[in-house]
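Here the structure is laid out as structure tokens; the discussion comes afterwards.
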Amino acid sequence: MTFYLPGFRSFPKLWKSTPYFELGPATSPVSLFLAVTGNQHRCFSVKSTSLPNGKAINLLVAKARTLKKGNDSNRQVSPDHYFAAGAAKKRSQVRSNPQHRDHALPRVSALQLPTKPLNSEEWDKLKEDFSGKASFEDWVISQMVHRCSSIDVAKSLLAWVAAKNNGIVGYNLLVKYLSLCVSHKQTSEVIDVYEIMKAKYKCLESGANTLLIRGLIPSDRWREALLLLEDIKKVMVPSKRNYHDCIQGALLHQDVNVAWSLYQELVGHNLIPLLETLKAFFDFGKDINDDHYSNKLLDILLYLRNNQLYPGESFAHSIKAWFESIPGGQWKGQFTTIQKSGQCSSCGRTLESIHLSPEEYEFLKEKIMRDVIDGGDQYKKTTPQELKRFERFVNSCPPFDIVIDGLNVAKMLPKSRESQNLLAVVSQLAQQNLQVLVLGRKHMLTASARWRRDEMEQVQRQAHCFFADNISEDDPFLLYATLNSGSHCKFITKDLMRDHKACLPDARAQHLFFKWQQGHQLAVRKGFRGSHLTLLDPLHYDTVVQTTGDSWHIPYDEDLVQRSSYEVPTKWLCLQGKTQAPGPC
Ligand SMILES: [Zn+2]
């Protein structure tokens, strides 16, 4: 697609502020070396419809830095359960070699990106030095977007291109210029480009619309962004980012009704809103004293609960600030942690139990038996004969209290003998009069340096044992034995069983599985000086947004902690509402 500028004469309107043609030869005191990899070429190719987003890349870089910082600050903290936010990251750091991290640095190309506007001769000269395969103009503007170059420099490029092509500037060049204007928040410039595009094209593709929406939002022409959103809707469901921008714009211009109806529409498309969209409603709510609005904010909190979403740190601050801004001053917020027992360290209330209700337990048990253990692909995990043999074995035993993944536990202290590790854990549990099941493989019974016969005999005296074929997968047996024993039964494995969660058909079953796992998986930790194993109790409380009406407890993610999807936050916002003090007699 090509864009015809209405003539060279109109340039002063578009590029009114830059005296680029009067500039002398380019001198760029700051050398910017451009990093070029094959990947980036593809990413910024002229044909690509996905817009290069320098800001997004910068954000990624910033995030990477943050994560690095986060790791450093976390290093001393020992998370007290498997599912503590950041624990997986720590575990993986112990395993991976940090020296291998920076190997992917891109190759450096020598062409320097100008740092100030160039005149025609200078652009001609720069083009002569360019040896890449892509078109020079497209490559330079892409790099400018990537580097967030100043708009004046980009403008001088477009003027040069237009001068060479009788006022014609390619569509891609214009869109990339637009994206620079948007990242620099140059609203008047955005509006100029918007006018040009509107004059030339009846409708734009969604990439340009997305940029225009974001660029128009701060201006008093923000309602036109809603029309662009309508344009996007004609061809596709707008992104949550599109909705975010429009909602942000509506709130910025005090149009609460438009903001809520866009929110309804967003949720109606089954899109999970960006947390910053939800945060925007809370931030705006501080200035509003309106029950209807307040109820909608409480609905957002319940939405977080139902979707197991956790606000980030600054969102948590916004929630706290909103509650505390409610007239009458009934609400007081505290950032806090929860004790192992499930008691809030701030108010002393006990949080919701992690344990499933009997109905939930039956629902989950049936799903796992059907979808994970049988699941039509049982041959992949075990043979039907072995599964039958196992079922008969389980039914001949009393219900178990603890089911142990023997192989997994045996390998937890790599320096000790495997049978010795296993015996240590089994003896510890047997002393508490617990019914223990050890799941193992047949090869563990063959005496070797790692598996001593006398130790394995002691294990068999203190626990029920089932040894599967060496090729079988242990997890289905572990799940079956644990679930079959009842909701009191816990299990020990280092494995987090993510695959099984993925096998489950629906979000409810997955959520219940995660909740059950948090409440039933005992963690084994290396003891002092790594010489023995210590068992850690599972969580007693559910990490989810919760309320009792006059109190709220809201788990949140800290900015500097990277949490895996199967971990839960450890920090909480505790909100207490004082009941209204009785009026003076
Ligand atoms: Zn509390």
Side-chain angles (χ1 to χ4, degrees), residues 73-74 77-87 275 278-279 281-283 285-286 291 293-357 360 511 514-520 523 536-561 563 567-582:
S73 68
N74 266 337
V77 186
S78 166
D80 55 0
H81 60 84
Y82 249 163
F83 302 97
L275 289 174
L278 306 179
K279 176 181 184 297
F281 280 112
F282 277 87
D283 287 338
K286 271 189 298 180
D291 282 351
Y293 194 96
S294 301
N295 287 334
K296 283 190 177 280
L297 293 185
L298 297 181
D299 282 347
I300 287 183
L301 292 179
L302 294 176
Y303 178 86
L304 293 176
R305 173 186 172 84
N306 294 333
N307 292 279
Q308 287 89 50
L309 295 171
Y310 307 112
E313 203 167 324
S314 66
F315 185 6
H317 278 275
S318 297
I319 295 171
K320 178 175 183 284
W322 175 73
F323 270 98
E324 289 175 346
S325 78
I326 295 174
Q330 309 98 301
W331 288 92
K332 188 85 198 91
Q334 288 285 336
F335 294 107
T336 183
T337 52
I338 306 299
Q339 292 158 18
K340 273 188 175 175
S341 59
Q343 269 198 322
C344 170
S345 305
S346 174
C347 68
R349 284 179 196 257
T350 303
L351 294 199
E352 281 179 41
S353 164
I354 188 78
H355 294 296
L356 307 186
S357 71
E360 288 173 329
H511 167 61
F514 185 39
K515 193 171 163 181
W516 175 77
Q517 192 188 357
Q518 286 179 69
H520 289 80
L536 292 177
D537 254 358
L539 283 171
H540 291 290
Y541 57 91
D542 194 8
T543 305
V544 68
V545 172
Q546 47 195 277
T547 181
T548 58
D550 60 348
S551 77
W552 281 88
H553 284 90
I554 299 169
Y556 67 92
D557 279 316
E558 294 170 280
D559 289 344
L560 299 181
V561 175
R563 182 173 57 79
E567 293 173 336
V568 291
T570 56
K571 293 292 163 62
W572 291 71
L573 168 61
C574 162
L575 289 155
Q576 296 298 317
K578 281 188 233 105
T579 38
Q580 289 280 357

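Model, not experiment: these values are computed from the prediction. Ligands are counted one by one from 1 in listed order, and the atoms in each one are counted from 1 as well.
- The ring of F315 has its center closer than 6.0 angstrom to the ring center of F282.
- Pairing each heavy atom of Q343 with each of G348, the nearest pair is NE2-O, 3.1 Å.
- In this structure, K296 has no side chain to side chain donor-acceptor pair (under 3.5 Å) partners at least two apart in sequence or on a different chain.
- Checked against the 6.0 Å centroid criterion, the rings of H355 and H540 do not qualify as a close aromatic pair.
- Between D550 and R349 there is a salt bridge, with a side-chain nitrogen of the basic residue lying less than 4.0 Å from a carboxylate oxygen of the acidic one.
- Of all protein N/O/S atoms, those under 2.8 Å from the Zn ion (ligand 1) are C344 SG, C347 SG, H553 NE2, C574 SG, and waters are not counted.
- A salt bridge links E352 with R305: the distance from a Lys NZ or Arg NE/NH1/NH2 to an Asp or Glu carboxylate oxygen falls below 4.0 Å.
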